[in-house]
Structures are given as C-alpha cells and as structure tokens.
Peer 1: 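Have a look at this one.
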There are 2 protein chains.
Amino acid sequence: MTLNQKDIYGIFTKYLSEQNLRMTTQRELILKTFCKQKKHVTAEQLYEILKKIDPTIGHATVYRTMKLLTEAGIARELNFGEGSVRYEPDTAKEHHDHLVCVKCGENIEFLDEEIETLQNRIVNKYGYKLVDHSLNLYGICPKCQKG
Amino acid sequence: MTLNQKDIYGIFTKYLSEQNLRMTTQRELILKTFCKQKKHVTAEQLYEILKKIDPTIGHATVYRTMKLLTEAGIARELNFGEGSVRYEPDTAKEHHDHLVCVKCGENIEFLDEEIETLQNRIVNKYGYKLVDHSLNLYGICPKCQKG
DNA sequence: CTCAGTGCAAAGGGTTTGCAGCCTA
DNA sequence: TAGGCTGCAAACCCTTTGCACTGAG
C-alpha cells in the first residue's frame with residue numbers, strides 16, 4: 001500500500017511533465033529528502049536539513065517544490081495551528097488522522113474506520129461532496145501526564 | 001444551553017477580575033460586536049467592523065481582547081488552514097465541528113455524538129488525556145456542485 | 001499616584017513574489 | 001533561443017511587542 005521512492009519519483013516526473021515543468025536536481029533532492037523524514041516537517045525545517053546537503057539551495061525553491069509535491073499528491077499539508085504548515089508523505093490511500101500532545105508535540109497517527117464512515121455520513125447528510133478532511137485530537141501524552 | 005449576552009458579559013468580567021484585569025469600554029465593545037457576528041470571523045475582519053463603530057480602536061486591542069476572550073472560554077479559535085485564525089463563540093458545552101465548502105467558503109456546524117465517542121476511544125487507546133480536538137470536513141456544497 | 005489599558009508603529013514569523021541570470025530542451 | 005528554474009532579497013500577511021501616554025481605582 002505504501003509507495004517506494006521509485007514510484008514516487010515516477011509520480012512526480014509524470015505530474016511535472018503534465019504541467020510542462022521539468023525535473024531538476026533541486027526538485028529531486030527535495031523530494032528524496034522529504035521522503036526520508038520520519039516526522040512531519042515544516043518547509044522551514046526541511047530547508048534547514050537541505051541546506052546541510054546543498055548550502056546553495058534557496059528558501060523559495062523549497063516552498064515552491066513543497067507546493068508542487070502537494071499538487072502532485074505526494075505531500076499532504078497538515079495544520080496543527082502552530083502558525084506554520086507541516087508536510088507529511090501522502091502515500092497511503094487511507095486517510096489517517098493525528099493525535100498531538102500539546103505539551104511535547106509528540107504525535108501519533110491513527111486510523112479509524114468508524115470515524116471515516118461517520119464523516120461520510122455527515123457529508124451526505126448536507127449534500128456535500130467530500131474533498132478532504134482533517135481530524136486533530138489534542139491531548140496530553142502519558143509521559144507528560146507523569147512529568 | 002446557549003448563553004445570552006448578559007451571561008457572557010458576566011463571565012468575562014469575572015474572568016477579568018480573577019486575572020486582576022479590568023473591564024473597559026473597548027473590551028466591552030469588542031465582546032458585544034464579536035457576539036453579534038453570525039459567521040466565524042478573523043481578528044482582522046472583526047477589527048474592520050469595529051473601526052466603523054469606533055475609528056480610534058487599535059489593531060492590537062482587538063487581537064489582545066480576542067486572546068482574552070479565548071482564555072475566558074467565550075471565544076474559540078478555529079483553524080481552517082487559511083493562514084489566519086477564525087473565532088467563534090464558544091457558548092455551547094458540546095463541541096461541534098465544521099463542514100467547509102472549499103469553493104465558496106460556506107460552512108456548516110454539525111454535532112455528532114458518535115464522533116465524539118470515537119474520539120474518546122482513540123485517546124484512551126493511546127493513554128492520552130483529551131484537551132481539545134478539531135474536525136474539519138472540506139467539501140463542495142450543493143450549490144457549488146451545480147454551478 | 002500607581003499600574004493596567006490603549007493606539008501607534010515597528011518588529012516578528014512564515015510564506016510568496018519580482019527579478020536578473022542560468023540552464024536546458 | 002525561448003521559457004522554465006533558481007537564489008536572493010524584498011514584499012506580504014497575520015500577529016505580537018515596545019513604548020509613551022492616558023485614565024481608572
């Protein structure tokens with residue numbers, strides 16, 4: 001169900017050519033580096049990581065590329081209300097949601113079939129066509145409850 | 001279950017005095033104007049509305065007061081990923097969630113007991129203590145589907 | 001008289017945009 | 001050669017902060 005790097009690379013090049021855009025060394029580097037991340041990253045964080053690999057890379061290039069990756073369906077934007085957008089790989093077809101610790105920022109991805117079903121029910125009730133959804137639970141993780 | 005303006009005024013003055021803060025004409029005006037709004041407003045929008053009533057009112061005062069109202073439990077911050085925070089009256093004890101049209105911005109508030117239950121289940125599963133949650137469904141409303 | 005509250009303007013963070021030069025098809 | 005791509009810096013938007021002044025208790 002998850003896609004490997006080669007697949008993603010193919011998806012991105014396909015998207016780019018559809019848009020009359022090109023694959024470049026920067027875009028490739030950003031794609032690879034983004035996919036390697038274990039945690040959701042902000043564009044800013046990704047930029048910092050990338051600068052260590054290629055110090056000449058520009059701020060704007062990272063932001064622009066993350067927008068492209070989002071449009072291509074490779075990245076997904078997350079908003080935890082921190083004032084900046086986080087990105088996660090959008091490789092799984094099933095949508096998962098997030099449980100965020102408001103103290104330490106740790107976050108868990110979870111999947112709940114029933115929630116997905118209920119969401120569809122709501123959307124149908126109002127005659128909407130579902131495009132996307134975001135469910136964030138904010139809480140205090142076990143560690144922080146003890147500390 | 002919903003609170004009237006007098007109640008809210010009382011809640012706010014109580015909160016203020018607890019914090020050794022004072023009720024002022026500006027704070028009162030902002031509170032009243034905020035409560036009158038039918039739709040979720042950003043601080044910026046509220047500022048624009050307030051300027052028509054009192055042109056001398058300051059940007060910062062609105063932002064500062066909205067923070068106070070949030071802390072007092074009167075306003076609730078919403079984040080639809082637009083880059084700015086929206087506020088809604090937090091008068092109902094039950095949490096409601098939002099269904100937002102991505103085309104026209106129309107949004108519906110809905111309440112679903114089962115979703116609330118499921119959220120508690122998730123939180124318990126991971127040993128978290130629930131603090132808050134936000135569920136936003138993004139879709140296309142019936143009107144925009146036709147148009 | 002004290003100290004919170006205010007408006008203003010400047011600063012701040014995250015993100016986008018304008019632009020000249022570069023590079024690739 | 002044309003047009004996309006880049007890095008840089010400036011611009012932008014939303015929000016917060018510093019500051020001197022005002023005003024209520």
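To find a chain, count down the sequence lines: A is the first, B the second, and so on, and within it residues start at 1.
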Peer 1: Rounding to an integer number of Å, can you tell me how far A:Q19 CD sits from D:dG3 P?
Peer 2: 18 Å
Peer 1: Taking CD from B:E44 and P from D:dC13, how many angstroms apart are they, rounded to a whole number?
Peer 2: 10 Å
Peer 1: Does one hydrophobic cluster hold both B:I8 and B:L21, with members joined at side-chain heavy-atom distances below 4.5 Å?
Peer 2: yes
Peer 1: Do the side chains of A:Y87 and A:H40 get nearer than 4.5 Å, heavy atoms only?
Peer 2: no
Peer 1: Tell me whether the side-chain N/O atoms of B:K67 come closer than 4.0 Å to OP1 or OP2 in D:dT16.
Peer 2: yes
Peer 1: Between B:E28 and B:K32, is there a salt bridge with N-O shorter than 4.0 Å?
Peer 2: yes
Peer 1: Can you tell me the distance, in whole Å, between the CG atom of B:L68 and the C1' atom of D:dT16?
Peer 2: 14 Å
Peer 1: Can you tell whether the side chains of A:K14 and A:D7 come within less than 4.0 Å, N to carboxylate O?
Peer 2: no
Peer 1: Give a yes or no on whether B:L78 and B:V41 share a hydrophobic cluster (residues Ile, Leu, Val, Met, Phe, Trp, Tyr; joining criterion: side-chain heavy atoms under 4.5 Å apart).
Peer 2: no
Peer 1: Cluster partners of A:Y63, using ILVMFWY side-chain heavy atoms under 4.5 angstrom, listed by chain and number?
Peer 2: none
Peer 1: Reading nucleotides 4-10 of chain D 5' to 3', which nucleotides get B (base under 4.0 Å from a protein heavy atom), which S (sugar-phosphate only), which -?
Peer 2: SSBBB--
Peer 1: Give the rounded distance in Å between these two atoms: CD of A:Q45 and P of C:dG13.
Peer 2: 15 Å
Peer 1: Round to a whole Å and report the spacing from CD of A:E82 to C1' of D:dC14.
Peer 2: 16 Å
Peer 1: Tell me the interatomic distance from B:L29, atom CG, to C:dT6, atom C1', rounded to whole angstroms.
Peer 2: 14 Å
Peer 1: Rounded to whole angstrom units, what separation is found between the CZ atom of B:F12 and the C1' atom of C:dG5?
Peer 2: 12 Å
Peer 1: Which whole-number value in Å describes the distance from A:M66 CE to C:dG14 C1'?
Peer 2: 15 Å
Peer 1: Quick one: is C:dT15 close enough that its OP1 or OP2 comes under 4.0 Å of any side-chain N or O from A:Y63?
Peer 2: yes
